[in-house]
Structure formats: C-alpha cells, structure tokens
Amino acid sequence: MDYAGKKVVVALSGGVDSTAAALLAKAAGCQVIGATLDLAPAEPEWKCAWGCGSEDEKLIRTVADKLEIEHTFINAAAEFEELVLKNCYEVYSSGRTPNPCVLCNPAIKFGLLAKYARSIGAEALLTGHYAKFSSEKLIVRGDDPKKDQSYFLYRLPRELLDFIQFPVGSLQKNQVRAMVAEAGLPVAHRPDSQDACFVFPGESFAETLFRRFNGKSRSGNFIYQGKVVGRHAGLHRCTVGQRKGLNVALGVPAYVKSIDNTSGDIELVTDQNLLACQKFYINQVNFQTPILPDPSEELLIQIRYRTPAAAGRVIPQGDGSFVVELNEPQRAVTPGQSAVIYRGNTLLGGGIIGL
C-alpha cells in the first residue's frame, strides 16, 4: 500500500475484514480515519430489523480506540431506504429477485463514503472486500476463492476505481482472522455478515420489505403442464429454481421455472433439466473496462455469487442491452440477479438478468 503518511478513509463495519483493512493501513503508515455508515431506520420498532445494532457500534468504537484512529458515523438511512430498500421492494413486486449488495455498493457503501473521503481531503477509500486490482486498475478476483467479492463490485463506476483500495484482497480469510486476533482486537472471530442486512429475525428479506413499504402480495396460480395445480401467496415469495416452501402437492418435487409478472402465474416443472438456460438478456449494463469485449471473444459469466463462472459470449444489441450466450446451459438463470463478466480473473462488467 503506497499511501504512507497520507490520509485515507477506511470503511469500518464492525467485522473482521474491515478491521483488518484498517490495521494494514495503520501498519503502512497511513493517517487512518474510520467511517461507518449508519443505515438503520429511525423508528425504534424497526431497529431490530437492521443487522448492525448497538453491539456493532460498540465494537466499532472499540476497534477505533485500540487502533488510535479517528472515527465518524455518517447517517445515510434515507438514502439507503430510497436507493436500495425501495428498489429491492419494487424488484420483488415484479416477480424478480434483487441482489441488495449489488445495488448498495455503487450508490451507498462506496458512493457516499468516497464523497465523504474526498470532502476531508483523503487520498483513498479502503474497504475490507476480498478483491484486488490489475496493473490496468481493473478489479481482479481476490486470492481466497471462497471469499472473493468481486461479483458485487461490477456496478462501481470506472472513475471511482482510482480512488479505492482493497488491502485484504491478497490474503486468505484465516490469515485475516489471525492478524486481527494477534492485534488483540475483539472482532477476530465474529461470523461473516449475510447478504441481506435488513430483515426481521425469522423472516425473509422480501417479507420485511413488504412490511416496510406496506406492500400487497400479488397472489396467482401455480401452473404445471398447462393446468392450474394450486395458488401461491405472492410473487415476492418465489424465485426461479425454488423448490422449498411452495406448498403445492404434485407427488414429486416441483421447481419454479418462470414467473409471469403480468398474469401473476408461476410455472412449475418437476424435471430440473427444464430449468436450464443457455441464452438470456442483461440490462442496466456497466462495463469498467474502457474497451468493450469483442462479441466473438469467449469470456466467463457468473450468474450468481455462489455459482462458478461459465464460458460464453456477450453480444451488444444496440439499445444498451446485451445477449449472453453460454457454451453450456446453466440452471435457474434468475431475472433480477446479476450476470457478471470476467476475462480470466479480471472483472470487466455486468448487468441485470432479464430473460
């Protein structure tokens, strides 16, 4: 890290990864300032739905004190609700499945913190993400394949990449925990956070959002082989590929194949091979590479965070959308999720899946 003596902002979340980023920055001789986004809703009755509670705040303050760094909380609850939560609610309402981290990173986590960092004259924003940069300043997968988080970063604008750093990207998770433990910091063995940071205990992210925005469930029919075989309780409760929780009896396991936002009907199949998809569209596409890949180039496309990337091509359609053609079909390509495009381990960009 080439920022010795310079002012940097480290995004502190109360977890081990962001703590390690601050620890590494301090060891590199940076003037470190910790910053934490306060995204919790103001109403007391909604506080328990927010993943970062009073215990997290105490841990963050403890870490900052032990590292002897300045620290500030930045209230961004209104922006988070409008740009992330409301957006996710609307996606669920249309029968698609959003990814909150993909939406949050450019608008909130990086966007607002970078704005704050620049406002105080900082040279860089550091986070605890498991990712790295290439010599061309493109994001590259982190060295720990089980923790790589580059998938969630494809929507970051190109101009922001020169301002951010990922200090833990070249480390393994066990190395990070050992480093933080050796420093005597209290977050060394905290469990990893989950994707949805706004959810009531025992409830799904979608259900919590529907309560938050007073949403009305859109019920409809389950369709199997062209016939109505039952009713579902709401489009937002189902996603492509889902088997559990359908509460429909066909004598064999059933899976959601497609969701029709117009009629409210959900098509079921009992043969998992029918969930395979080889060609689909992506919209709201963002490329971080300054030169778009050639349509004939074989790339790697990752259709969800925990699914290995698959070989295929990405073909522009002239209207801002792209067609993804995979070499081999993938199971349950899900509208609303992200298809992220790589050349080897280098992140090129991605878009929102819309079949």
Side-chain angles (χ1 to χ4, degrees), residues 88 90-100 102 151 154 195-196 204-207 210 217-285 295 298-317 321-342 350-355:
C88 286
E90 291 171 350
V91 172
Y92 275 122
S93 297
S94 69
R96 295 171 292 150
T97 305
N99 187 308
V102 162
Y151 175 91
Y154 81 90
D195 287 349
S204 71
F205 179 47
E207 290 294 344
F210 265 67
S217 298
R218 286 191 59 202
S219 59
N221 296 319
F222 279 127
I223 306 295
Y224 176 63
Q225 295 183 344
K227 298 179 180 179
V228 176
V229 293
R231 295 279 292 176
H232 66 80
L235 292 182
H236 68 286
R237 296 187 171 99
C238 296
T239 188
V240 171
Q242 179 179 338
R243 179 178 70 85
K244 296 182 179 179
L246 299 179
N247 296 320
V248 60
L250 295 180
V252 292
Y255 304 85
V256 173
K257 184 179 188 298
S258 64
I259 298 174
D260 189 327
N261 179 44
T262 302
S263 67
D265 289 346
I266 294 177
E267 181 184 3
L268 302 179
V269 295
T270 54
D271 180 358
Q272 291 195 62
N273 292 322
L274 296 177
L275 298 176
C277 176
Q278 195 165 354
K279 180 178 178 180
F280 57 91
Y281 287 87
I282 54 173
N283 303 291
Q284 302 177 46
V285 178
E298 185 173 276
L299 301 168
L300 294 173
I301 297 97
Q302 188 169 339
I303 61 168
R304 61 177 63 83
Y305 177 47
R306 293 298 184 187
T307 298
R313 299 185 303 141
V314 180
I315 305 165
Q317 298 300 290
S321 68
F322 287 71
V323 166
V324 174
E325 292 185 354
L326 301 174
N327 292 359
E328 300 292 337
Q330 294 288 295
R331 183 187 185 278
V333 177
T334 305
Q337 290 285 291
S338 291
V340 181
I341 304 158
Y342 294 84
I352 305 297
I353 296 170
L355 297 178

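Starting from 1, each residue takes its place in the sequence as its number.
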Original post:
For the atom pair CZ (Phe280) and CD1 (Ile301), what is the distance rounded to the nearest 0.5 Å?
Top reply: 7.0 Å

Original post:
Under the salt bridge (Lys or Arg N to Asp or Glu O under 4.0 Å) test, which residues partner Glu267, sequence neighbours left out?
Top reply: none

**OP:** Output all residues satisfying side chain to side chain contact (heavy atoms under 4.5 Å, CB included) with Glu298, sequence neighbours left out; order by chain, then residue number.
**Re:** Ala311, Asn327

Original post:
Out of curiosity, Phe322 CZ to Asn283 CG, how far, rounded to the nearest 0.5 Å?
Top reply: 10.5 Å

Subject >> Flag, side chain of Gln317 to backbone of Ile315, donor-acceptor distance under 3.5 Å >> reply: yes

Original post:
Quick one: does Gln337's side chain have a donor or acceptor within less than 3.5 Å of a partner on Ile353's backbone?
Top reply: no

Original post:
Below 4.5 Å, heavy atoms only, C-beta onward: do Val324 and Val333 meet side chain to side chain?
Top reply: no

Original post:
If you measure from CD on Gln278 to CD on Gln330, what distance do you get to the nearest 0.5 Å?
Top reply: 9.5 Å

**OP:** Please list, chain by chain and in numerical order, all residues satisfying side chain to side chain contact (heavy atoms under 4.5 Å, CB included) with Asn261, sequence neighbours excluded.
**Re:** Ser94, Arg218, Leu235

Subject >> Value rounded to 0.5 Å, distance of CG in Leu246 from CZ in Phe222 >> reply: 5.0 Å

Original post:
Do you know which two heavy atoms are closest between Gln302 and Thr307, and how far apart they sit?
Top reply: CG-O, 3.2 Å

Original post:
Which heavy atom of Cys277 sits nearest a heavy atom of Leu326, and at what distance?
Top reply: O-CD1, 4.0 Å

Subject >> Verdict with supporting geometry, Tyr151 and Tyr342, side-chain contact (heavy atoms from CB on, under 4.5 Å) >> reply: CA-CA 9 Å; Tyr151 175 91; Tyr342 294 84; 3.9 Å; yes

Subject >> Which atom of Gly351 lies closest to which atom of Tyr154, heavy atoms considered >> reply: N-CE1, 3.5 Å

**OP:** Find the distance between OH (Tyr92) and CD (Glu207) and round it off to the nearest 0.5 Å.
**Re:** 10.0 Å

Original post:
Between His232 (side chain) and Gly264 (backbone), is there a donor-acceptor pair under 3.5 Å?
Top reply: yes

Original post:
Would you say the side-chain atoms of Glu325 pair up with the backbone N or O of Lys279, donor to acceptor, closer than 3.5 Å?
Top reply: no

**OP:** Hey, could you give me each pair passing side chain to side chain donor-acceptor pair (under 3.5 Å) that has a residue in residues 243-257? Not counting sequence neighbours.
**Re:** Tyr255-Gln272

Original post:
Is there a donor-acceptor pair closer than 3.5 Å between any side-chain N or O of Asn221 and the backbone N or O of Ile223?
Top reply: no

Subject >> Which atom of Pro329 lies closest to which atom of Ala276, heavy atoms considered >> reply: CB-CB, 3.7 Å

Subject >> Residues that Asp260 engages under side chain to side chain donor-acceptor pair (under 3.5 Å), provided they are two or more places apart >> reply: Ser263

**OP:** Work out which heavy atom in Pro100 is nearest to a heavy atom in Phe205; give both atom names and the distance.
**Re:** CG-CE2, 3.9 Å

Original post:
What pair of heavy atoms forms the shortest contact from Ser258 to Val240, and how long is it?
Top reply: CA-CG2, 4.5 Å

**OP:** Please round to the nearest 0.5 Å and tell me the distance separating atom NZ of Lys227 and atom CG of Leu268.
**Re:** 14.5 Å

**OP:** Would you check if Arg237 and Ser217 make a side-chain contact, meaning some heavy-atom pair closer than 4.5 Å?
**Re:** yes

**OP:** Without swapping roles, check the side chain of His236 against the backbone of Ser93 for a donor-acceptor pair under 3.5 Å.
**Re:** no

Subject >> With Arg304 via salt bridge (Lys or Arg N to Asp or Glu O under 4.0 Å) - residues at least two apart >> reply: none

Original post:
Mind checking whether Ile282 and Ser321 have side chains closer than 4.5 Å, heavy atoms only?
Top reply: no

